[in-house]
Amino acid sequence: MKKEVRNVGIMAHIDAGKTTATERILYYTGVNNRIGEVDDGSATMDWMEEERQRGITITAAATTCFWRKHRINIIDTPGHIDFTIEVGRSLRVLDGAVALFSAVEGVEPQSETVWRQADRYGVPRIAFVNKMDRPGADFKNCVKMMVDILKANPLVLQLPIMEDGEFKGVVDIIKNCAILYDRDRFGIEYSICPVPKHLEKEAKKTREEMMEALSLIDDLFMESYLEGGEIGEEEIKATIRKGTIEGKVIPILCGSAFKNKGIQPLLDGIVDYLPSPEDISPYKYWTEEGEEGAFLGTPDEPFSGLVFKIMNDPYVGHLSYIRVYSGALNTGDMIMNCTKSKTERVGRILRLHANKREEVKRVEAGDICAIVGLKGVATGDTLAHPDMNIYFEAIEIPTPVVSCAISPKKKDDLKKMWLVFNKYTVEDPSLNVRLNNETNEVIISGMGELHLEIIMERAKREHNLEMVTTPPQVAYRETITKSVTGVGKYIKQSGGRGQYGHVILNVSPIEGTDFHFENKIVGGAIPKEYISSIETGLREAMEKGVVLGYPMMNIKVELIDGSYHEVDSSELAFKLAASIGLKEAVKRANPIILEPIMRVDINVPNEFLGNVIGDISSRRGRISEIGERNGFKCILAYIPLDEMFGYTTHLRSATQGRGYFSMEFYHYAPVPQHICEDLMKNREKNQTEVLYG
């Protein structure tokens, strides 16, 4: 029964306690017989070597546990902004999420980022205010920040019980009782007691606020409440569930995962309030013709699913993580990769527990699993029954903003290195790899310095690759600022059959997409069989701009005319003609260099505010707003990425180690003229070094 299934993600700012909470969930549900810890590298979900060394989550890990006869499929996601794709692609396929907040720091910058991602995919959430045992924990302030910063509608279901500054347990607002963790340090045993005297008034007020909020969700509930009758626990929970699934309220629980307090009620909250796969169906899809359809998410429908993650396992090979949306999938079934128009046979099907696997013969709608051995599958591909040709909404891939050049210490390892890093791009679409033919270096681009560092560490550990690296560089782009018409001709005659391709292109700037192609040929000036080759030639030309050779973006190309030769024309000729035509047009379209601008959230003590603001200005930054959070000044600024390298060390030094920041990509903006001139000088210098050593 899919009513007894919960597909849930754990999301939060870095160091809010996601992995620690997940470890407790695995312990209390009986999956593990011991509690793993992040600090000593024994956490089940942080299975990658780099995760254990650094004490952070890098890759989203999936696991399954059972609570109150419900199957809970959990994905523990990273909190660091460099690995934001792991959160985004997990939320794309999950039915619900647990948002963790530190009771000390409250809503932090990355909390906002993952919250916005959950909003984008319409994921129902419950919140867990963690670290109530820490000095400075402030439950009320954390709830207030959810309202002020996230614009959430919190529904407080628990209050913390503090005695002499120590967190003892929680008040259950629905049951009007206290849960005290005072006997067992592992949190398995706890006592149910009356609400402490000093919290009775607050608990009563909180319950009234809860009932009033629920009255706005359901008319029948409102009638019962206004009549003054006794409303049962099940009816209250059913209304909370309805409001949560509809996104009208966010149930708020609290506890301390590290001290093993409040995890069982959190599990109850997951079962009671977060949706099953049936609750959020139907699942929309689109046909090849653009028509919209929907699956109800039952096992009786044709099979469909979405690939949301790829992994290369050293033992079982290529793993494709899949969310099954409809129908059933059995070992040996034939399925269609609709995105690639390719049919494949299903080999082995695995259920997941971090890096451990359990082989199964069948999965059904609502399940999350991994398939072994699918070829050519990428993140975001739609899989379906061979008779279906459909597409689910794609997964949003963030734009890489930092690049680094690497070369092998041994020249013979260049091909191996190229293959290794290309394999990583299949696992992680936010990573980009290209070869610089001038220098014989591999250029890798990612979401930040840590992202690239982790990838290179993996290459060294997993494939014994010794590399020489250059410092990270900014991933600049090129674009155009005016519309022009370009002509591309490729004519080659060398005896016998020649080559002939001729295109006329309208090239113009466009916002919101890197590249858009339209075929506006009428009357058969160019046969249809050459149109795809023309688009391929344009896309390849987009990879290298005319100013400094950076990839181009925000360009629209319309194919308006051209000509062909009945004998000499070929796909290659039109591909080359298109490339020539685009480059010729771009040169006349006032091309400019673009640089990535980062949205930077900086938190500093008040006494250092002036110095930090001055430093932001010196980094070509623009301050958007200054607020206050937990006694710290919060600065929201937009700063070019080129100015942010090494900022962690600088900020710590300038604030005596007390300042911290987070950043994420915001948009691309034109580079100032003096910076552009410096880039050109550096490029000329590098080319001279390549030529003359």
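We're numbering straight along the sequence, starting at 1.
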Any side-chain heavy atom of [X] within less than 4.5 Å of one from [Y]?
| X | Y | result |
| --- | --- | --- |
| Ile72 | Val271 | yes |
| Arg71 | Thr64 | yes |
| Thr22 | Ile74 | yes |
| Arg24 | Phe258 | yes |
| Gln158 | Val171 | no |
| Ile250 | Met146 | no |
| Ile149 | Glu112 | yes |
| Val8 | Val98 | yes |

Is the distance between the ring centroids of [X] and [Y] less than 6.0 Å?
| X | Y | result |
| --- | --- | --- |
| Phe392 | Tyr283 | no |
| Tyr391 | Tyr285 | no |
| Tyr181 | Tyr190 | yes |

Just by distance, do the side chain of [X] and the backbone of [Y] share a donor-acceptor pair under 3.5 Å?
| X | Y | result |
| --- | --- | --- |
| Glu233 | Lys175 | no |
| Glu246 | Gly243 | no |
| Asn7 | Gly96 | no |
| Asp381 | Ala378 | yes |
| Asn337 | Lys340 | yes |
| Glu166 | Met162 | no |

Query raised in the report: Does a sphere of radius 6.0 Å around CG in Asp219 hold more than 12 heavy atoms from other residues, nucleotides or ligands, not counting ones at 6.0 Å or beyond?
Result: no

Query raised in the report: Do other residues, nucleotides or ligands put more than 12 heavy atoms under 6.0 Å from Glu230 CD?
Result: no

Requested in this report: Apply side chain to side chain donor-acceptor pair (under 3.5 Å) to Asp268 and list each qualifying residue two or more places apart in sequence or on a separate chain.
Outcome: Trp67, Arg68

Requested in this report: List in chain and number order the residues that pass side chain to side chain donor-acceptor pair (under 3.5 Å) with Lys284, two or more places apart in sequence or in another chain; answer none if no residue qualifies.
Outcome: none

**Report entry** Set of salt bridge (charged side-chain N to carboxylate O under 4.0 Å, His left out) partners for Glu427, sequence neighbours left out
**Finding:** Arg458

Query raised in the report: So Ser430 and Asp428, side chain to side chain donor-acceptor pair (under 3.5 Å) or not? Walk me through it.
Result: CA-CA 5 Å; Ser430 66; Asp428 182 355; 2.6 Å; yes

Query - Parallel, tilted or perpendicular: ring planes of Phe308 versus Tyr321, cut at 30 and 60 degrees - result: perpendicular

Report task. Look up atom CZ in Arg362 and atom CG in Asp333, then write down how far apart they are to the nearest 0.5 Å. Result -> 8.5 Å

Report summary line: Rounded to the nearest 0.5 Å, the SG atom of Cys254 sits from the CZ atom of Phe139 at a distance of 5.0 Å

Report task. Would you kindly check if the NZ (Lys) or CZ (Arg) of Arg125 is within the cone defined by 45 degrees around the ring axis of Trp115 and under 6.0 Å from the six-membered ring centre? Result -> yes

Query raised in the report: For Thr331 and Arg348, what are the C-alpha separation, side-chain angles and deciding distance, and is it a side chain to side chain donor-acceptor pair (under 3.5 Å)?
Result: CA-CA 6 Å; Thr331 302; Arg348 298 164 62 197; over 6 Å; no

Query raised in the report: Where do Ser111 and Phe101 come nearest, in terms of heavy atoms and distance?
Result: CB-CE2, 4.0 Å

Query - Shortest non-hydrogen contact between Ala103 and Lys131, atoms and distance - result: CB-O, 3.9 Å

Requested in this report: Could you tell me whether the side chains of Arg6 and Ser276 share a donor-acceptor contact shorter than 3.5 Å?
Outcome: no

